[in-house]
Amino acid sequence: MSDTRPEKDTELDGLDFIRRIVVEHKRSGRFAGKVCTRFPPEPNGYLHIGHAKAISVDFGIASEFEGICNLRFDDTNPSRENTEYVDAIKYDIRWLGYDWADREHYASDYFEKLYGYAVQLIRAGKAYVDSLNADEIREHRGTPTEAGRNSPYRDRTIEENLDLFSRMRAGEFDDGAHVLRAKIDMAHPNINMRDPTMYRIRRHHHHRTGDTWCIYPTYDWAHGQSDSIEAVTHSICTLEFENHRPLYDWFLDELGIHHPQQIEFARLNLTYTVMSKRKLLELVTGQYVESWDDPRMPTICGLRRRGYTPSSIRKFLTRIGVSKTESTIDLSLLEYCIREELNKTAPRVMVVLDPVKVVITNYPEDGTEYFEAVNNPEDASAGTRSVAFSREVYIERSDFMMDPPKKYFRLSPGTEVRLKHACYITCTDVITDDAGSITELHCTYDPESRGGGTPDNRKVRGTLHWVSAAHAVSAEVRVYDHLFSTVNPAQVNEEAGENWLENLNPDSLVRHEHAVCEASLNEASVDNRYQFLRHGYFIADAKDSTPGKPVFNRIVSLKDTWAKVQKKEGV
RNA sequence: UUCCCGGUGGUGUAAUGGUAGCACAACAGAUUCUGGAUCUGUUUGUGGGGGUUCAAGUCCUCCCCGGGAAGCCA
């Protein structure tokens, strides 16, 4: 018995540090075993995939522990916030697959209560009205290495503070004339504790409270109390609020009200993109992208328009986990998640992005026949369709080479390839124009090679996708790539005059305006995602696609080992 | 210089003092009517020095490196 080791605590096995804390709280009976989280966006911009990580953590933990997750808009700064953003944020969260039921809250719902709490602190001698201006306050605050100095107004009497504060609310003073500050410690090593501002006078129309207030609580004052009012148990937020936690704890303890546990995690960074609201805004206003929902943007609306599914994003988010380590996730993991899903669900179709005409010289002039094509080799239940074939077909210009390198399996003079689902063709002639560029390829087909095989079972290495010229529907296909060409575009040496915008990838969008596709794609809708054979996964563009003229966005390419080989040999 | 936080393969993330595992990426092979998919295999890791212990990624200690903090932004 002496060598018995403590049994493994399997309930904690593999859990991230936040879930562990929650399990331990449930066990110890803290918060009476309840779990309540919240997602607290500021309605001043569009949600991006970094917010989606927070949403996944907040809503995910609540549901895993039989708790609830509120949506609360932290709308304490009326000069930056509006209802357009409120609506967009709600839409995006629902689209991602999360539900806050009727628990849609606003920090502005609590303005009156917050005011009362402030009065309580003044009465307790823990807050005072300061009449220094913003510059003076900054100057008094000191630096990380030097203590600050007390404001000359710090010792106003409680009565005077009460009077001044009510007159601030009543609108007797100009914007900026006074602020309410917590009275903590101007020498505190944590600068957030050096008498932080709680209220500022700011005459600005608020998207919900209109003009009823001319003083607004700061985030630092409003946030923790809002969580407390909502009976939140676990206030999960990002690392930059770690230094603020002692302040939030101080407020809650001085007030003597319900005290949630704040837990901070590292925000999401992705390679080849930027994630700060400011930079995303700059991309939009500088017209480096089309809009907030440009398919290259890491915004939720951008990912949606690009064709990412909510489930693939959720899968990605659970795979990256959550920790306190600052990290940058490989974009390839996100791409893997959508490929993995679409490989199983997306019907395959043939689309030629950059067509060149093939004339099958031994095929009847006016002949048409239909070949049966499987819709999805990964899913037998997806069935088959018939694809029209005729004497003239289009193939991809890059699927022919006059003078091919080794290991090129596609068409070249004299070689035989398979047209997917159809027949084998051999190139006999190459027609060029005066400038020497190829206008037509003449081929012969093997009439024995029906549906992709021959009686003699001979092997062909190359299989090409194609579209019958007589039956083709023309389309625009937008091929998207990384928005930036450097792994960490935000990392620039500004002193050397570098600008992160210089890292924009000039080839992040390539338009194929004269693509041709199977007739079945004529009425493609944004609800359908397709695999364009040998290209990747595509979706009709929600804004620009029309029934007569479909426009497709590339969601993600297929893995392309040939491209890799070429690249390697090009180097 | 002060305070807070972090450091496990290329990138993430597990390992509760007891075999450093998983995923992505990369590479190699098999297979294939998509150079897709699938399958198999391979490479690469505990920031450093001391200490405690039968045993340390894990505990102690010193150091190094990285991030955050001086809004009336959130």
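Letters A, B, ... are given to chains in the order of the sequence lines, protein chains preceding strands, and every chain is numbered from 1.
- Among the protein residues, A:F371 comes within range of no part of the nucleic acid, since none of its heavy atoms lies under 4.0 Å from any strand.
- In summary, A:D109 and A:R208 engage in a salt bridge, as defined by a charged side-chain N under 4.0 Å from a carboxylate O.
- Comparing B:G47 with B:U58, their P atoms sit 8 Å apart, to the nearest whole Å.
- Checked by distance alone, A:E378 brings a side-chain donor or acceptor within 3.5 Å of a matching partner on the base of B:G36.
- For B:U13, the OP1/OP2 oxygens have a side-chain nitrogen or oxygen of A:S323 closer than 4.0 Å.
- The separation between A:I18 atom CD1 and B:A14 atom P is 11 Å, rounded to whole Å.
- The side chain of A:R319 places no N or O atom within less than 4.0 Å of a non-bridging phosphate oxygen (OP1 or OP2) of B:U11.
- Residue A:R200 places at least one side-chain N or O closer than 4.0 Å to OP1 or OP2 of B:C73.
- Rounded to whole Å, the separation between the P atoms of B:A74 and B:A15 comes to 37 Å.
- Between A:R450 and A:E369 there is a salt bridge, since at least one side-chain N of the basic residue sits less than 4.0 Å from a carboxylate O of the acidic one.
- Checked for salt-bridge contact, A:R27 and A:D9 meet the test: a charged N lies under 4.0 Å from a carboxylate O.
- Residue A:I137 places its side chain closer to B:C72 than to any other of B:C72, B:A69, B:G36.
- Between A:Y128 and A:R181 there is a side-chain heavy-atom pair separated by less than 4.5 Å.
- Contact annotation: A:T76 reaches the phosphate of B:A74 (side-chain N/O to OP1 or OP2, under 4.0 Å).
- Considering only the side chain of A:N243, B:C4 comes nearest among B:A70, B:C72, B:C4.
- Residues A:F111 and A:T209 are in side-chain contact: their nearest non-hydrogen atoms beyond the backbone lie under 4.5 Å apart.
- Between A:Y216 and A:H206, the ring-plane angle classifies as parallel under the 30° and 60° cut-offs.
- When ring centroids are compared, A:F532 and A:Y537 stay outside the 6.0 Å threshold.
- Nearest nucleotide to the A:V179 side chain, out of B:U34, B:A37, B:C72: B:C72.
- At the phosphate of B:G35, OP1 or OP2 sits under 4.0 Å from a side-chain N or O atom of A:R534.
- Proximity note for A:T145 (side chain, C-beta onward) versus B:C3, B:U16, B:U1: the nearest is B:U1.
- Residue A:L239 is out of contact with every strand shown, counting any heavy-atom pair closer than 4.0 Å.
- Distances shorter than 4.0 Å separate some side-chain N or O of A:T561 from OP1 or OP2 on B:G36.
- Mapping A:R138 and A:Q531 onto RNA chain B via the closest heavy atom, the residue that lands nearer the 5' end is A:Q531.
- Taking atom OH of A:Y219 as the reference point, atom C1' of B:A69 lies 16 Å away to the nearest angstrom.
- Here the P atom of nucleotide B:U13 and the CG atom of A:L334 are 16 Å apart, to the nearest Å.
- Using a 4.0 Å heavy-atom cutoff across all strands shown, A:D175 reaches no nucleic acid atom at all.
- Distance A:E335 CD to B:G36 P: 16 Å, rounded to the nearest Å.
- The nucleotide whose nearest atom lies closest to any side-chain atom of A:T328 is, among B:G12, B:C72, B:C4, B:G12.
- Checked against B:U34, B:G67, B:G35, the side chain of A:F409 finds its nearest nucleotide in B:G35.
- Atoms CD1 (A:I329) and C1' (B:C24) sit 10 Å apart, rounded to a whole Å.
- Aromatic rings of A:H535 and A:H465 (six-membered ring for Trp) have centroids within the 6.0 Å cut-off, being under it.
- Nucleotides B:U44 and B:A23 have their C1' atoms positioned 15 Å apart, rounded to a whole Å.
- One P atom belongs to B:G36, the other to B:U43, and the distance between them is 24 Å to the nearest Å.
- At a threshold of 4.0 angstrom between heavy atoms, the contacts of A:L464 with the nucleic acid are absent.
- Between A:Y394 and A:W466, the ring centre distance reaches or exceeds 6.0 Å.
- Here A:P246 lies out of heavy-atom contact (under 4.0 Å) with every strand.
- Remark: RNA chain B forms stems of 3 or more consecutive Watson-Crick or G-U wobble pairs, all pair distances under 3.5 Å, at B:2-7 with B:64-69, B:10-13 with B:21-24, B:26-30 with B:38-42, B:47-51 with B:59-63.
- Below 30°, between 30° and 60°, or above 60°: for A:F241 and A:H244 the angle between ring planes is above 60°, a perpendicular geometry.
- Using a 4.5 Å heavy-atom cutoff, the side chains of A:R156 and A:S131 are in contact.
- Rounded to whole Å, atom C1' of B:U13 lies 13 Å from atom CG of A:L15.
- When the P atom is used for both B:C27 and B:U8, the distance is 24 Å, rounded to whole Å.
- The side chain of A:N77 sits closest to B:C73 out of B:C73, B:U13, B:A14.
- In the set B:A74, B:G12, B:G35, the nucleotide with an atom closest to the side chain of A:S327 is B:G12.
- Nucleic acid contact class of A:D13 (heavy atoms, under 4.0 Å, all strands): base.
- Side chain of A:E518 to backbone of A:V349: no donor-acceptor contact under 3.5 angstrom is found.
- Aromatic pair A:F316/A:Y308: ring centres not closer than 6.0 Å.
- Among the atoms of the strands shown, none is found under 4.0 Å from any heavy atom of A:N190.
- Side-chain to base pairing of A:R20 with B:U16: no donor and acceptor N or O lie closer than 3.5 Å to each other.
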For nucleotides 25-29 of chain B, give me every protein contact, N/O to N/O, under 3.5 Å, one pair per line with atom names.
unit_1	atom_1	unit_2	atom_2	d
B:A26	OP1	A:K564	NZ	3.3
B:C27	OP2	A:K564	NZ	3.2

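- In terms of phosphate contacts, A:R410 brings no side-chain nitrogen or oxygen within less than 4.0 Å of OP1 or OP2 of B:U34.
- Computed from coordinates, the A:R72 CZ to B:A74 P distance equals 13 Å when rounded to whole Å.
- Nucleotides of RNA chain B nearest to A:I191 and A:H421 differ in position, and the one nearer the 5' end is that of A:H421.
- The nearest whole Å value for the distance from the OH atom in A:Y128 to the C1' atom in B:C72 is 13 Å.
- Comparing the P positions of B:G29 and B:G21 gives a spacing of 26 Å, expressed to the nearest Å.
- Residue A:L342 is classed as having no contact, given no heavy-atom separation below 4.0 Å to the nucleic acid.
- A:F241 comes within contact range of at least one nucleobase, with a heavy-atom separation under 4.0 Å.
- Using a 4.0 Å heavy-atom criterion, one finds that A:H223 contacts no nucleic acid atom at all.
- For A:D560, counting side-chain heavy atoms from C-beta on, the closest listed nucleotide (B:G35, B:U34, B:G6) is B:G35.
- Picking from B:A37, B:A74, B:C72 the nucleotide with the shortest atom distance to the side chain of A:A134 gives B:C72.
- Among the heavy atoms of the strands, none lies under 4.0 Å from A:G321.
- The 12-atom threshold is not exceeded at NZ of A:K315, counting heavy atoms of other residues, nucleotides or ligands nearer than 6.0 Å.
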